Amino acid sequence: MKREKYLLFLSIPFLLILLSSTFPSSHSYRIIGMGKEFAWIVDDDYTDILKNPAEIALVESRIFTNITTLTLKKPPYSKQDTTSIGHLYSDTLIYSLETLPLSKDIDRPYLFSGVLNFKRFKGLICIDFQKYKETSSTKFRMRDPENERFYWVYDETAIAGTTSTIYNKETSTPSDDYLVFNSRNGTVYYEDDGNIVISFTAGRNISDNSAFGLQYSFERYYNNADPVYVKSNYYSNYTLGRMENIEEVYRIEELGDSSYEESFDVNKKSNNDISNIVITHTLACGFKSGIENQWSFDFVPKLSLQFQKFKNEQSIVTLADFDPDNDNINHNYNHYDTEYEAKKDIKTFDLFGFGFGFAGRASRKIGESARFRFISDVFIAHLRDNESLEEITSSFIFTYQGHPYDVSYITSKKGKKKRLFIQYSLGGGIERYFTDNITFAFAAILSEKSDELSFLFTESNKYAPNISGKEERTGRVTTLSLPLGFETYIAKNFGLRMGIVEHLIWNTETNYSMKSSTKVSTKNNFFHSERNSTYGLCVKNERMQLDIIGLANLLEIKDLQISLTFEM
């Protein structure tokens with residue numbers, strides 16, 4: 001019977017993957033309902049196991065699954081919550097998100113995990129898969145084509161398709177009237193990423209008050225549409241995500257021989273292919289010990305092996321005709337008849353390195369109804385690549401009175417690229433019980449993430465001798481989180497959870513470049529605050545527990561996310 005029971009248990013993940021879409025998370029839906037900041041502050045089996053593999057020795061055998069409806073929406077442009085370097089975008093932590101368009105696509109994530117007894121050991125197998133995609137065929141146009149500034153900008157009013165407008169100067173003659181023609185098509189991918197995580201955990205009790213556990217995890221993250229750097233300022237040059245066949249035609253056509261406007265025709269085509277793959281292998285050891293009814297301690301050292309393969313290849317072709325009617329009068333007094341520009345920008349690097357970290361918790365029971373906890377988490381990773389490449393190929397052809405002028409060049413930067421990633425968090429909180437049905441928690445958590453990318457290169461082109469240079473970019477985000485959480489069971493089997501958290505966020509961005517005797521350094525500081533609310537429901541009996549989140553809008557049932565836990 002036991003063998004048949006385990007075979008049935010092992011078949012469940014495959015059925016779940018075939019029959020449902022699920023949502024991976026490093027927190028249980030109970031903790032998410034109260035506020036994910038309470039991980040390791042509030043006792044929770046699933047979350048505690050992922051923080052310290054030794055916790056598995058204290059958990060009864062059960063299955064954890066997170067199930068959601070097929071049309072789950074992802075909040076637009078939210079960064080993934082993670083402690084892994086694998087989820088950080090390639091070059092910066094600094095984003096300005098206020099002007100980005102809304103998401104137009106959906107998530108389809110999956111998760112299964114379960115705890116099994118293996119004689120003296122307990123084990124957990126966890127499989128996560130998730131995929132995000134956000135696209136738009138609108139919202140971008142050439143900036144100010146009448147003044148020949150042909151690069152893409154975000155424009156809330158821009159629409160896909162074709163438009164034409166006749167401008168009437170309200171005179172009796174049509175000679176000063178003109179036609180403006182505009183056509184846009186193509187697709188911009190603001191986000192097209194996903195990851196798979198497979199982890200194995202095993203642990204056992206060493207004594208009545210101590211336990212030991214091991215955890216290995218494999219993570220593969222990809223991002224094919226990284227909006228590397230986006231500014232909210234209208235006059236800034238936008239670097240978009242992946243672009244497929246973006247094309248815009250803009251034309252001014254004079255409607256009379258002596259028109260006030262001169263004819264003008266410009267066509268621009270763009271493609272941007274992005275690939276960012278990060279693979280991480282992590283091994284963590286967990287220890288747990290304590291003195292009954294007094295102090296307990298968690299200690300989790302971890303090592304990681306990491307790979308990052310990045311490519312960003314952008315191509316732009318612009319063709320402008322300043323005298324399409326060939327009347328020898330050029331638009332805006334331009335000296336050239338036609339202008340052709342083709343540009344290809346390639347950036348590649350393959351980083352490899354190691355990371356190490358430590359997570360710890362000290363818990364102290366206060367009386368019979370409260371517990372104080374102090375938590376800490378530190379992670380450092382160092383990666384490098386000696387064959388990084390940044391290459392720009394440009395061609396210009398100007399035509400003046402039938403005579404072409406051809407200018408082309410290739411600028412190549414090759415060298416060593418290094419990346420240093422540091423993350424830490426420190427915090428403390430109290431979990432308090434009021435009777436058996438009410439739990440209250442509050443905490444203060446200070447966290448910081450910094451990501452430094454350094455490129456030591458040699459630059460070459462056919463017009464100048466080789467020169468050496470250095471570029472550095474550092475992003476730092478410091479956050480003080482102040483969460484309050486509440487859980488109550490209105491009836492024996494029905495619970496309600498709520499949480500509110502205030503985030504105080506400081507962003508610092510520094511850029512430094514040095515080439516020959518020229519040095520440029522910039523530093524930007526930003527501060528803002530955020531307030532988030534969370535809600536959750538719970539229905540349970542002796543063998544099963546159902547947790548629900550996604551209750552911000554009760555009319556949007558498709559946004560509900562459901563977690564089921566079965567005890568074996």
Side-chain angles (χ1 to χ4, degrees), residues 24-32 34-62 64 81-84 111 113-118 120-126 128 197-219 280-292 294-304 355-365 371-380 423-431 441 443 445 447 565:
S25 175
S26 58
H27 309 84
S28 71
Y29 281 7
R30 172 176 180 255
I31 291 295
I32 294 177
M34 296 180 67
K36 60 184 178 59
E37 292 76 16
F38 287 115
W40 245 13
I41 299 292
V42 173
D43 278 329
D44 181 79
D45 289 344
Y46 181 78
T47 307
D48 291 350
I49 291 173
L50 296 181
K51 297 291 289 185
N52 182 1
E55 289 280 352
I56 196 171
L58 309 177
V59 177
E60 297 297 328
S61 295
R62 64 185 67 187
F64 301 97
D81 174 62
T82 179
T83 59
S84 168
L111 172 122
S113 58
V115 178
L116 279 174
N117 280 315
F118 297 99
R120 300 176 64 184
F121 287 87
K122 290 184 180 179
L124 178 142
I125 302 173
C126 184
D128 290 1
V197 181
I198 303 174
S199 64
F200 303 91
T201 304
R204 59 165 294 180
N205 287 322
I206 301 175
S207 65
D208 292 341
N209 297 317
S210 60
F212 168 77
L214 286 173
Q215 183 181 80
Y216 163 77
S217 64
F218 166 83
E219 178 178 3
T280 305
H281 301 269
T282 303
L283 180 65
C285 302
F287 303 89
K288 187 175 183 68
S289 63
I291 303 172
E292 187 174 358
Q294 295 184 37
W295 285 95
S296 66
F297 301 92
D298 295 81
F299 179 78
V300 187
K302 45 194 171 184
L303 294 172
S304 70
F356 61 92
F358 161 78
R361 178 176 71 165
S363 303
R364 170 70 179 182
K365 191 173 183 180
R371 191 177 295 273
F372 169 79
R373 289 190 167 95
F374 175 79
I375 60 175
S376 63
D377 198 341
V378 179
F379 182 78
I380 300 173
Q423 173 178 294
Y424 76 85
S425 61
L426 299 171
I430 293 179
E431 179 183 18
I445 302 168
S447 61
T565 303

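Predicted, not measured: the structure shown is a model, and the values here were computed from it. The basis for the numbers below is simple: all heavy atoms, side chains too, and nothing from hydrogens, waters or symmetry mates.
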Please examine the side chains of [Y] and [X], heavy atoms only from C-beta on, and report whether any two atoms are closer than 4.5 Å.
X    : Y    : result
P53  : V300 : yes
T47  : F38  : no
R30  : V42  : yes
R371 : R364 : no

side-chain hydrogen bond (donor to acceptor under 3.5 Å, both in side chains) partners of [X], counting only residues at least two apart:
X    : answer
S304 : Q306
R373 : D43, S363, E431
S210 : S207
E55  : K288, R361

* To do: Could I get the full list of ring pair (Phe, Tyr, Trp, His ring centres under 6.0 Å) partners for F358, not counting sequence neighbours?
  =>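 If we apply the ring pair (Phe, Tyr, Trp, His ring centres under 6.0 Å) test to F358, skipping adjacent residues, the hits are F299.
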
* Asked: ring pair (Phe, Tyr, Trp, His ring centres under 6.0 Å) with F218: which residues, sequence neighbours excluded?
  ->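 Partners of F218 under the ring pair (Phe, Tyr, Trp, His ring centres under 6.0 Å) test: H281.
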
Nearest-0.5 Å distance that lies between atom [atom1] in [X] and atom [atom2] in [Y]:
X    : Y    : atom1 : atom2 : result
M34  : D44  : CE    : CG    : 9.5 Å
F287 : D298 : CZ    : CG    : 11.5 Å
Y46  : L124 : OH    : CG    : 7.5 Å
Y216 : L283 : OH    : CG    : 9.5 Å
F356 : T282 : CZ    : OG1   : 13.5 Å
L50  : I56  : CG    : CD1   : 9.5 Å

* Begin with the C-alpha distance, continue with both residues' side-chain angles, and end with the deciding distance and a verdict on side-chain contact (heavy atoms from CB on, under 4.5 Å) for N52 and W40. => CA-CA 9 Å; N52 182 1; W40 245 13; 3.9 Å; yes

Looking at every non-hydrogen atom in both residues, tell me the closest pair between [X] and [Y] and how far apart they are.
X    : Y    : value
I41  : G428 : CD1-C, 4.1 Å
I375 : A39  : CD1-O, 4.1 Å
A54  : G286 : CB-O, 3.5 Å

* **Charged N-O contact under 4.0 Å between K302 and D377** =>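 Salt bridge between K302 and D377, a charged N being under 4.0 Å from a carboxylate O: yes.
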
